[in-house]
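Notes follow once the structure below has been shown.
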Amino acid sequence: MTQDGYVDGNALAGPLGEIFTAEVTQAGGRCLHCGLTLALAAVRVYDRAPGLVGRCPGCEEVLLRLVRTPDAAWLDLSGLSALRVALPAD
Ligand SMILES: [Zn+2]
């Protein structure tokens, strides 16, 4: 945890691992707001809200939100203009 109240994007590994079968912290994304291309592990994750909020390290805008309820996960990726997930070659 930093003094600014966030942890790094590796905190997303477990919660997103419930949704995606690929290793998502190694995934790349592009910020919709400033165009920064980054690994999800570089996202600033604020975990003191109900759920997780991931903010861009370049411009501080919200990239993603993840809320886990007892029987579902709500994932908002609206702050990302693209998400690249590496998959095994065919
Ligand atoms: Zn940004």
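When reading the values below, keep in mind they use all heavy atoms of this one structure, side chains included, and skip hydrogens, waters and symmetry mates. Atoms within a ligand are numbered from 1 in the order they appear, just like the ligands themselves.
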Any [X] side-chain heavy atom under 4.5 Å of [Y] side chain:
X: Pro50; Y: Val67; result: no
X: Leu75; Y: Leu16; result: yes
X: Asp8; Y: Val45; result: no
X: Leu12; Y: Leu64; result: yes

### Flag if over 12 foreign heavy atoms under 6.0 Å of CZ, Arg68
yes
### Query
Can you list the protein N, O or S atoms less than 2.8 Å from the Zn ion (ligand 1)?
Cys31 SG, Cys34 SG, Cys56 SG, Cys59 SG
### Query
Residues two or more places apart in sequence or in another chain: which of them pass side chain to side chain donor-acceptor pair (under 3.5 Å) with Arg44?
Tyr6, Glu60
